[in-house]
Amino acid sequence: MDPGNWASDLAGGARFGYSLLSVILVSNLMAILLQSLALKLGIVTGRDLAQACRDHYSRPVSFVLWVLCEIAIAACDLAEVIGSAIALNLLFGIPLIWGVCLTALDVLLILLLQNKGFRYLEAFVISLVITIGLCFAVELVLARPEIGAVLGGLVPTTQIVTNPIMLYIAIAILGATVMPHNLYLHSAIVQTRKVGAEPAAKREAIKYATIDSTLALLFAFFINGAILVLAAAAFHNSGNQEVADIGDAYKLLTPLLGTSVASFLFALALLASGQNSTITGTLAGQIVMEGFLDIRLKPWLRRLITRLIAIIPAVIVTALYGEKGVGSLLILSQVILSLQLSFAVVPLVLFTSQKSKMGDFVNGRGVAALA
């Protein structure tokens, strides 16, 4: 649920109404399946996806896969930097460039939580997600969307692939929902749970981890769907179809929904989502570097390098083009994520479909074909 979701869902809802709700649904179903395979790989083999790639492929191939995954993490980090900076600007009036620079400090918060233990990190993420969920529950009540039109939007249309602008936003929504580096992350963090070596214990661990993951992703579907529905109800039907960036949406919510609470909750949820995705991006970066290259950097150094890679283009675009350029960059970052997806999905499906790696837990033909 990073700010990249916001940009793509807002643009989709404002411009095309409820039509792209079907893309969010299909992307979420993809995410549920792929995350279940990622956690199965981690629990059964005791190796995360990055380590499995290093075991299976030659060094040059592993290196290329690592570089591609780092591009995805940098793209995601770019969205977090910009989204958090926009939220700070909307809530406290901090100029965008200063907000971008301030986001480098969140490394201190993550280090503090990591030192306290993984459960503290999980609790912090859950509290942020609940904040986002509550904010959007209130927003939807205020927006009063048409239920029939919302349900109609869940059915895919051919226009999604025939209209180039619609397709571009759909690709961004896919990348924002099925993040490639989250597959690496998930296959690693399931191993923070103690699981017995016997097949029955692994089967039980897979069952509960899948339920856990599926519920989390269904909640993410509610949030992403809510952003698009809010944009469709508030902007598409009120002649504001050109609302493509978060700042415009913030300014228009108060007059359109009749209360300043709507704008405040919107900005608060955005700040929470920026911090939420920062944590997952940091952990994924650590796991990917250690898994592919067997290099262990100190977490603060790893975080600082990733964040600087994201901050530099964000500062340049903010200085040159202001808010409009930043909005376009947010959507582009999610398209880049989408383009990296195959390089994580193909190895994941390949490994979980190999009996030599998975034993009795190997994918059935139907699951492998669907994945």
Side-chain angles (χ1 to χ4, degrees), residues 1-8 31 34-35 38 42 48-54 61-85 100 103-104 106-107 109-111 113-114 121 125 171-172 174-189 220 273-315 317 329-348:
M1 276 183 269
D2 75 343
N5 290 81
W6 291 57
S8 41
L34 293 171
Q35 296 289 165
D48 61 55
L49 182 56
Q51 290 168 334
C53 287
R54 194 177 86 222
V61 172
S62 288
F63 183 77
V64 170
L65 288 174
W66 169 69
V67 169
L68 290 166
C69 191
E70 288 290 355
I71 291 169
I73 291 168
C76 187
D77 217 47
L78 185 64
E80 290 150 18
V81 164
I82 293 169
S84 297
V100 165
T103 57
D106 65 20
V107 64
L109 175 66
I110 292 165
L111 285 174
L113 290 167
Q114 265 184 317
L121 212 53
V125 169
I171 292 169
L174 172 65
T177 309
V178 195
M179 292 183 165
H181 55 283
N182 273 356
L183 299 174
Y184 293 97
L185 174 63
H186 205 163
S187 60
I189 60 171
S273 86
Q275 294 311 300
N276 180 38
S277 51
T278 286
I279 291 171
T280 54
T282 302
L283 291 173
Q286 222 170 303
I287 286 154
V288 164
M289 184 174 272
E290 290 172 7
F292 275 117
L293 305 182
D294 206 16
I295 293 173
R296 293 182 182 274
L297 286 182
K298 288 181 178 173
W300 67 268
L301 183 60
R302 157 80 225 176
R303 181 72 200 135
L304 212 55
I305 292 167
T306 311
R307 182 111 298 188
L308 284 172
I309 291 167
I311 282 174
I312 292 162
V315 167
V317 171
L329 192 60
L330 266 177
I331 296 175
L332 175 63
S333 70
Q334 304 312 294
V335 172
I336 292 168
L337 277 178
S338 208
L339 296 176
Q340 304 304 323
L341 198 52
S342 318
F343 300 103
V345 171
V346 170
L348 176 65

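Predicted model, so just to flag it, every value in this text is computed and none were measured.
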Problem set entry | Contact check, side chains of Glu70 and Val67, non-hydrogen atoms, under 4.5 Å | no

*Side-chain heavy-atom pair Cys53, Phe292 within 4.5 angstrom cut-off*: yes

So, taking the atom named [atom1] in [X] and the one named [atom2] in [Y], what distance separates them when rounded to the nearest 0.5 Å?
| X | Y | atom1 | atom2 | result |
| --- | --- | --- | --- | --- |
| Leu174 | Met179 | CG | CE | 11.0 Å |
| Leu330 | Ser8 | CG | OG | 8.5 Å |
| Leu34 | His186 | CG | NE2 | 12.0 Å |
| Leu348 | Phe343 | CG | CZ | 15.0 Å |

Mark yes or no for whether [X], through its side chain, and [Y], through its backbone, hold a donor-acceptor pair below 3.5 Å.
| X | Y | result |
| --- | --- | --- |
| Ser187 | Tyr184 | yes |
| Gln340 | Leu337 | no |
| Asn182 | Leu185 | no |

Using every non-hydrogen atom in the two residues, find where [X] and [Y] come nearest and quote the distance to one decimal.
| X | Y | answer |
| --- | --- | --- |
| Ile287 | Ala188 | CD1-CB, 3.5 Å |
| Ala172 | Gln334 | O-CB, 3.3 Å |
| Ala344 | Pro347 | O-CD, 3.4 Å |

